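A short write-up of the structure that comes next.
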Amino acid sequence: MPELPEAERARQQIEKALGREIVAVDDRDSYVCRPHAPGEIEQALVGHSLTKALRRGKFLWAETDRDGPELGLHLGMAGRIVIDEPPHTPWDRFTLHFADGGSLALRDKRRLGRAVLEPDYGHVGPDAALVSRDAFRQRIGRGSMAIKARLLDQKSISGVGNLLADETLWQARLHPRRPSGELSEEELDHLRRTLRAATRAAIAKGGVHTGTFIPHRKKGGSCPRCKTAVERATIGGRTTVWCPTCQV
DNA sequence: AGGTCTGTTCAGCT
DNA sequence: TAGCTGAACAGACC
């Protein structure tokens, strides 16, 4: 499920854990906690509290008090953050236990989430809802990759998932296969405004599935604007759906 | 029953 | 250097 709107909701959940002393950590899932060995994250965090919950795109992290390490979290494709809920094994892949008896857990059936100390998010591009016009022109409007693939590249800008990319390109009337470096400045500026609006609308309404196009994205669907049957192909390694009439 | 799928990282290739 | 592909994770859904 998680795209940027779900990541923002997870960040707000983490805020509920701020200021609560960590007394134990379940970091035994060595895949989710890679490259850390079991016990490593626990040893680094016990005695500290989280002090701030931050997000860029879909990447989450928390600062800790008294020069403790940062804790990086990622929801993967199916993860969410649950606070003060009864434990749910085996789906709670990583858990902080607090002195007050409560907890923060990364609940993730598919095990694609991630918990890591001192995360290096240096490669993560600016947040899709915040990126400036000049940064967007420079980072998106280059290279030969399909614009759909470029939007999904978290190094270029962060937070755009497969559904949000299809919704945004449909709203902006851009064909997903257009080479990103061949878009005009006007097209790039329009795409950026559309992306920011679609992202903020998705956050406000509670998810990407609240978009205009996404409900028509299924097989046999048709464009909500012109009723043309939608087309489907793999672009940037992901299933892509678009309107062959509206999107050029 | 078998195929598909909303994310990221990494190896390996061109 | 840029860009592409497939593997890995494991359950939900059609």
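Predicted model only: the values in this text are computed from it and were never measured. Below, read A as the first sequence line, B as the second, and so on, with proteins coming before strands; counting in each chain starts at 1.
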Side-chain touch His48(A)/Arg66(A), heavy atoms, less than 4.5 angstrom: yes
Are Arg34(A) and Tyr31(A) in a cation-pi setup, meaning NZ or CZ lies under 6.0 angstrom from the ring centre and within 45 degrees of the ring axis? yes
Looking at Lys109(A), I'd like to know whether one of its side-chain N or O atoms comes within less than 4.0 Å of OP1 or OP2 on dA10(C). no
Would you please confirm or rule out a distance under 4.0 Å between OP1 or OP2 of dT6(B) and any side-chain N or O of Arg217(A)? yes
Using a cut-off of strictly less than 4.0 Å, decide whether Ser144(A) has a side-chain nitrogen or oxygen near OP1 or OP2 of dG3(C). yes
Under 4.0 Å: is that the gap between some side-chain N or O of Arg110(A) and OP1 or OP2 of dG11(C)? no
Arg93(A) CZ to dA8(C) C1': how many Å, rounded? 14 Å
Rounded off to whole Å, could you give me the NZ-to-P distance for the Lys218(A) and dT6(B) pair? 15 Å
For Arg200(A) and Leu195(A), indicate whether the former's side chain and the latter's backbone hold a donor-acceptor pair under 3.5 Å. no
Under 4.0 angstrom between Gln154(A) side-chain N/O and dT8(B) OP1 or OP2: yes
With the side chain defined as heavy atoms from C-beta on, Met145(A) is closest, among dA8(C), dT8(B), dG3(C), to dG3(C)
Which stems, defined as runs of 3 or more consecutive Watson-Crick or G-U wobble pairs with both pairing distances under 3.5 Å, involve DNA chain B? B:2-5 with C:11-14, B:7-14 with C:2-9
If you check the Trp91(A) side chain, which of dG7(B), dC5(B), dA12(C) turns out closest? dA12(C)
Nearest-Å distance once atom C1' is located in both dG6(C) and dC5(B): 16 Å
Give the rounded distance in Å between these two atoms: CD1 of Ile235(A) and C1' of dT5(C). 16 Å
Interatomic distance where CZ belongs to Arg139(A) and P belongs to dA2(C) [whole Å]: 13 Å
Quick one: does Thr245(A)'s side chain get under 4.5 Å of Arg173(A)'s, heavy atoms only? no
Rounded distance (Å) that lies between atom P of dT8(B) and atom CG of Leu164(A): 12 Å
With the 4.5 Å side-chain cut-off for hydrophobic clustering, are Trp91(A) and Leu104(A) part of the same group? no
What interatomic distance, in whole Å, is found between P of dA10(C) and the corresponding atom of dA1(B)? 22 Å
Span that lies between the C1' atom of dC14(C) and that of dT6(B), in whole angstrom: 16 Å
Would you mind telling me which of dG3(C), dT6(B), dG11(C) lies closest to the side-chain atoms of Arg142(A)? dG3(C)
Out of Glu187(A), Lys148(A), Gln247(A), which one pairs with Leu174(A) under the side-chain contact (heavy atoms from CB on, under 4.5 Å) rule? Glu187(A)
Working to the nearest 0.5 angstrom, can you tell me the gap between Arg238(A) CZ and Leu152(A) CG? 6.5 Å
Distance-only side-chain donor-acceptor flag, Thr212(A) / Arg225(A), under 3.5 Å: no
For atom OH of Tyr31(A) and atom C1' of dT9(B), their distance in whole Å: 8 Å
Look at His123(A) and dT8(B) and indicate whether a side-chain polar atom (N or O) is within less than 4.0 Å of OP1 or OP2. no
For the pair made of NZ in Lys155(A) and P in dC10(B), what is the distance, rounded to whole Å? 10 Å
Between C1' of dA10(C) and CE of Met77(A), the distance in whole Å: 10 Å
Would you say dG3(C) has OP1 or OP2 under 4.0 Å from some side-chain N or O of Arg150(A)? yes
Indicate, with a heavy-atom threshold strictly under 4.0 Å, whether Arg232(A) touches base, sugar-phosphate, or nothing. sugar-phosphate
